[in-house]
Chemist: 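First, the structure itself, so that you have it in front of you.
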Amino acid sequence: MKRTIGVDEAGRGPVLGPLVLAAVCVDTAAARALARAGVRDSKGFGAGAAARARRRELACEIRARAVWCQVAVVDVAEVDRRVRRGELNALEREVAARLLAAAPRCDRIVADGHRLFAPLRAQFPQLEAHDGGEARHCAVAAASILAKVRRDAIFERIARRYEAEFGPLRGGGYVNAATRRFLRAFAARYGRLPPEARRSWPHRDLDDLLGPDHDPFSDLDDADATPVQPDLWAATRRERA
């Protein structure tokens, strides 16, 4: 049976929490079974508790049926370093390349994002980069679910960390009313951004609390760093003969 690897990410846009990329290798039979089980783009499930539970169920099914899968977590500070240099796309490509270099042999690679991942064809000739890649192959949808489940789990830990002091933190860390309320409350109390907040986001709505001349990068070491620190990797692997 032919093997296909799908690559996708979760958390490129939020102001709170890390960026997560995943790669999933499936054979033809597994792809069909996962599609029948309901695997599709993670965003198609919505954002509520029921959606998160359904994605977790499907993540277990994906891990059980995949030939191989791996997830990489990129810390907020590393995202900020690279965004500050205009290298967010380069960072994502580097992490994706590390995932693919660790993958087993495959016949096809499908990555979500044409402009983002097309340059990787020079390194991986069997790679196809498509906008809406989840609709091209189930492996991409499976990768989107694993990435989203991992990021949701990390955000839940962030939310628990601050709940006693600031109340429930909802919205997944995206820029919405709940996230703005939390950031304003934190900045009002501590005069800075929380460590889980991306400094590379425009925080103009906090100028009245932090001051218009506040440098959000003042506590960020801008020294050279590897794309993903070893202790930021989380992986699961399943190989079939």
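Only this structure's heavy atoms are used, side chains among them; waters, hydrogens and symmetry mates stay out. Along the sequence shown, residues carry numbers from 1.
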Chemist: Looking at Arg160 and Glu163, does any basic side-chain N land under 4.0 Å from a carboxylate oxygen?
Modeler: no
Chemist: Verify the neighbour count for atom CZ of Arg32: are there more than 12 heavy atoms of other residues, nucleotides or ligands below 6.0 Å?
Modeler: no
Chemist: Has the side chain of His137 got a donor or acceptor atom that lies under 3.5 Å from a matching backbone atom of Ile5?
Modeler: no
Chemist: Does Arg199 offer a backbone N or O that forms a donor-acceptor pair with the side chain of Asp80 under 3.5 Å?
Modeler: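 Yes: the side chain of Asp80 pairs with the backbone of Arg199.
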Chemist: Counting C-beta onward and ignoring hydrogens, is there a side-chain heavy-atom pair between Asp207 and Arg204 closer than 4.5 Å?
Modeler: yes
Chemist: For residues Phe117 and Ile109: do they belong to one hydrophobic cluster (side chain heavy atoms under 4.5 Å, members Ile, Leu, Val, Met, Phe, Trp, Tyr)?
Modeler: yes
Chemist: Does the pair Leu88 and Arg12 meet the rule for a side chain to side chain contact (heavy atoms under 4.5 Å, CB included), with working shown?
Modeler: CA-CA 9 Å; Leu88 179 58; Arg12 181 182 172 97; 3.7 Å; yes
Chemist: Which heavy atom of Pro14 sits nearest a heavy atom of Gly173, and at what distance?
Modeler: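 Closest pair (atom of Pro14, atom of Gly173, distance): CB-O, 3.5 Å.
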Chemist: Side chain to side chain contact (heavy atoms under 4.5 Å, CB included) for Trp201 and Val83? Distances and angles first, verdict last.
Modeler: CA-CA 9 Å; Trp201 265 93; Val83 170; over 6 Å; no
Chemist: Tabulate below the donor-acceptor pairs under 3.5 Å that side-chain atoms of residues 125-135 make, not counting sequence neighbours, or state none.
Modeler:
unit_1	atom_1	unit_2	atom_2	d
Glu128	OE1	Arg108	NE	3.3
Glu128	OE1	Arg108	NH2	3.0
Glu128	OE1	His130	NE2	3.0
Glu128	OE2	Arg108	NE	2.9
Asp131	OD1	His114	N	2.9

Chemist: Within the structure provided, determine whether Asn89 and Arg115 are in side-chain contact (heavy-atom separation under 4.5 Å).
Modeler: no
Chemist: Between Ser144 (side chain) and Asp41 (backbone), is there a donor-acceptor pair under 3.5 Å?
Modeler: no
Chemist: Going by an N to O cut-off under 4.0 Å, is there a salt bridge joining Asp208 and Arg184?
Modeler: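 Yes.
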Chemist: What heavy-atom pair brings Leu120 and Ala96 nearest, and what distance separates the two atoms?
Modeler: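 Smallest heavy-atom distance, with atoms named: CD1-CB, 4.0 Å.
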Chemist: Indicate yes or no for a side-chain donor-acceptor contact from Arg65 to the backbone of Arg63 under 3.5 Å, with no hydrogens or angles considered.
Modeler: no
Chemist: List in chain and number order the residues that pass salt bridge (Lys or Arg N to Asp or Glu O under 4.0 Å) with Arg121, two or more places apart in sequence or in another chain; answer none if no residue qualifies.
Modeler: none
Chemist: Can you list the steps and then say if Leu183 with Leu16 is a side chain to side chain contact (heavy atoms under 4.5 Å, CB included)?
Modeler: CA-CA 10 Å; Leu183 290 175; Leu16 290 172; 4.2 Å; yes
Chemist: Would you say Arg98's side chain and Arg93's backbone share a donor-acceptor pair under 3.5 angstrom?
Modeler: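 Between the backbone of Arg93 and the side chain of Arg98 there is no qualifying donor-acceptor contact (under 3.5 Å).
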Chemist: Is it true that a side-chain atom of Thr179 and a backbone atom of Tyr174 form a donor plus acceptor pair closer than 3.5 Å?
Modeler: yes
Chemist: For Ala37 and Arg54, work out which heavy atoms get closest and say how close.
Modeler: O-NH2, 2.7 Å
Chemist: Between Arg170 and Asn176, what is the shortest heavy-atom contact and its length?
Modeler: O-OD1, 4.2 Å
Chemist: If I take atom CG from residue Leu91 and atom CZ from residue Arg85, how far apart are they, to the nearest 0.5 angstrom?
Modeler: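 CZ of Arg85 is found 10.0 Å from CG of Leu91.
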Chemist: Examine Val110 and Leu34 and state if one hydrophobic cluster contains both, with Ile, Leu, Val, Met, Phe, Trp and Tyr joined whenever side-chain heavy atoms are less than 4.5 Å apart.
Modeler: no
Chemist: Starting at CD of Glu165, measure out to OH of Tyr190 and round the result to the nearest 0.5 Å.
Modeler: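 Answer for the CD-OH pair, Glu165 versus Tyr190, is 3.5 Å.
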Chemist: Would you check, one step at a time, whether the test side chain to side chain contact (heavy atoms under 4.5 Å, CB included) holds for Arg180 with Val15?
Modeler: CA-CA 10 Å; Arg180 287 192 182 97; Val15 68; over 6 Å; no
Chemist: Just how far is it from atom CD of Glu196 to atom CG of Leu169, taken to the nearest 0.5 Å?
Modeler: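 It is 9.5 Å, given to the nearest 0.5 Å.
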Chemist: Any idea how Phe186 and Phe166 line up, ring-wise: parallel (<30°), tilted (30 to 60°), or perpendicular (>60°)?
Modeler: tilted
Chemist: Should we count CZ of Arg55 as having more than 12 external heavy atoms under 6.0 Å?
Modeler: yes
